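Residue indices begin at 1 and follow the sequence shown. Bear in mind the structure is a predicted one, so any value in this text is a computation, not a measurement.
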Amino acid sequence: MNAKTQRRSLLPRLLVVVIVVIAAVLIWRHFNAAAPAADTASAARHAEGGKAPAGGRRGPPMSPVQAATATEQTVPRYLSGLGTATAANTVTVTSRVDGQLMAIHFTEGQQVKAGDLLVEIDPRPFEVQLTQALGQLAKDQATLANARRDLARYQQLAKTSLVSRQDLDTQLSLVQQTEGAIKADQGSVDSAKLQITYSRITAPIDGRVGLKLVDVGNYITSGSATGIVVITQTHPIDVVFTLPEGNIGDLLKAQKAGPIGVEAWDRTNQTQLATGSLLSLDNQIDTTTGTIKLKARFTNEDDALFPNQFVNARLKVDTLHNAIVIPTAALQMGNEGNFVWTLSEDNKVSKHRVTTGVQDSRQVVISAGLNAGDRVVTDGIDRLTEGMQVEVVTPQATPPATTPSRQPLAQGKS
């Protein structure tokens, strides 16, 4: 009975194990059958775009590249150099008399005109000197009047020989001596008046005043080198910059053709600050750097330029007509020189040597090796080989906020 009972209890267990095994086999077959079906569907989808290679295997995918078309443009040629804005005139205002500073009539940073009152120095000592000089002048004028009356009497008496010739000459010399004293007295009066005028210091030029260098109440002297305030003339303002000596010939040629326009750009070379004209070239080359200094003048009515501000200066020296232009990204450098990858009608690439002209960070002028309308590869160049067929893709649009402003081609060196 016990053995029979054990066999009956094992039978349900075996049945459960058999069912689990059968279920596992069915699930395994189901998933293994789905994979080939997916591969078949994928192959069918690819077959819609083109026929698969012989043997049923797919070929390697084509390399994606981006391309641009060479265009024919009129390109201005610019020379570019680093410079600094400098005030057209700079004056350190100092006192021409000694005295106590009584009042300041300007605000720091204010624009002033020539003749505007800036500061006042205590004029009372000079007023006292003027009074003394006027008193001495009046005294000598009275002496002169009396000497002239005596001279008239001597001249009458000399006719009757009542006075000697010597006395007459002495009286004449006294009159002339007194006249000389009066001239000296008049000089003292004028000097005292001039000192009073100097006690009121006015602006010698138009410009912007800086920070005051002395406060009210201080005693200042005429020999002080510190000064009271510095005035810089910023209307107009100059920019001094340098260019390589190899560009001198182009500059002189452009000067003969007429005035040369100069543009001032900010430190990042993204924003144009002002437009002016070339004022002059230096008279010699700096042998240590091989450059020449140039000065350009700007009206600066909007105060876009500030003294000692760093700027990028660009001046137009020539205009290239019918120039072939491509993006700078398409230009490559190899052992044999500059080259580009061009695209045929069936999107096969070929290497072409080119001769370059002026260029900047965005565009480059091709002097020889390309024609207008030729397509050149700008991205995906590292994977290219001669005769390779590629897939031309469209670059993603760049948001307007991050698109840099377009700038004309510039050349910093010849």
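Remark: side-chain polar atoms of Asp169 are not paired, donor with acceptor, to backbone N or O of Gln166 under 3.5 angstrom.
We find the OG1-CG distance between Thr291 and Asn247 to be 11.0 Å, quoted to the nearest 0.5 Å. Here the CH2-CD1 distance, from Trp341 to Ile381, works out to 9.0 Å after rounding to the nearest 0.5 Å. Between the CD atom of Glu179 and the CG atom of Leu144 there is a distance of 5.0 Å, given to the nearest 0.5 Å.
What you find for Ile326 and Val340 is that their closest heavy atoms are CD1-CG1, 3.9 Å. In terms of heavy atoms, Ala372 sits closest to Ile324 at N-CD1, 3.7 Å. Residues Gly290 and Ile285 share a closest heavy-atom pair of C-CG2, 4.2 Å.
Side-chain contact between Leu294 and Thr242: absent, with no pair of heavy atoms (C-beta onward) separated by less than 4.5 Å. For the pair Gln141 and Ile182, the minimum side-chain heavy-atom distance is below 4.5 Å. Between Pro307 and Thr86 there is no side-chain heavy-atom pair separated by less than 4.5 Å. Thr202 has its side chain out of reach of Leu118: every pair of non-hydrogen atoms, C-beta onward, lies at least 4.5 Å apart. Taking 4.5 Å as the limit, every side-chain heavy atom of Thr94 sits out of range of all side-chain heavy atoms of Ile220. Side-chain contact check for Ser95 versus Thr221: every heavy-atom pair is 4.5 Å or farther apart. For the pair Val325/Val364, no side-chain contact is recorded, criterion being any heavy-atom separation below 4.5 Å from C-beta on. Residues Gln186 and Ser188 have side chains not in contact (no heavy-atom distance under 4.5 Å, counting atoms from C-beta outward).
A 6.0 Å sphere centred on CD of Glu386 holds more than 12 heavy atoms belonging to other residues, nucleotides or ligands. The environment of Asn308 atom CG is sparse: at most 12 non-hydrogen atoms of other residues, nucleotides or ligands sit within 6.0 angstrom. For Asp346, the CG atom counts as densely surrounded, since its 6.0 Å shell holds more than 12 non-hydrogen atoms of other residues, nucleotides or ligands.
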Check your understanding: Going through the distances and angles, do Asp266 and Gln270 end up as a side-chain hydrogen bond (donor to acceptor under 3.5 Å, both in side chains)?
Key -> CA-CA 7 Å; Asp266 66 350; Gln270 297 294 323; over 6 Å; no
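By the 6.0 Å and 45° rule, Arg314 stacks over the aromatic ring of Tyr78.
A search for side-chain contact (heavy atoms from CB on, under 4.5 Å) contacts involving Asp185 returns Gln136, Leu137, Asp140, not counting sequence neighbours. Partners of Ser367 according to the side-chain contact (heavy atoms from CB on, under 4.5 Å) rule, which considers only residues two or more places apart in sequence or in another chain, are Thr355. By the side-chain contact (heavy atoms from CB on, under 4.5 Å) test, Val392 is found to be paired with Val65, Ala67, Leu343, Asn347, Arg375, residues two or more places apart in sequence or in another chain being considered. Under the side-chain contact (heavy atoms from CB on, under 4.5 Å) criterion, Thr143 pairs with Thr178, not counting sequence neighbours.
The side-chain hydrogen bond (donor to acceptor under 3.5 Å, both in side chains) pairs that include a residue from residues 113-129 are His105-Glu120, Glu120-Arg200, Asp122-Arg124, where partners are two or more places apart or lie in different chains. Screening residues 284-294 for salt bridge (charged side-chain N to carboxylate O under 4.0 Å, His left out) gives no qualifying pairs among residues at least two apart or on separate chains.
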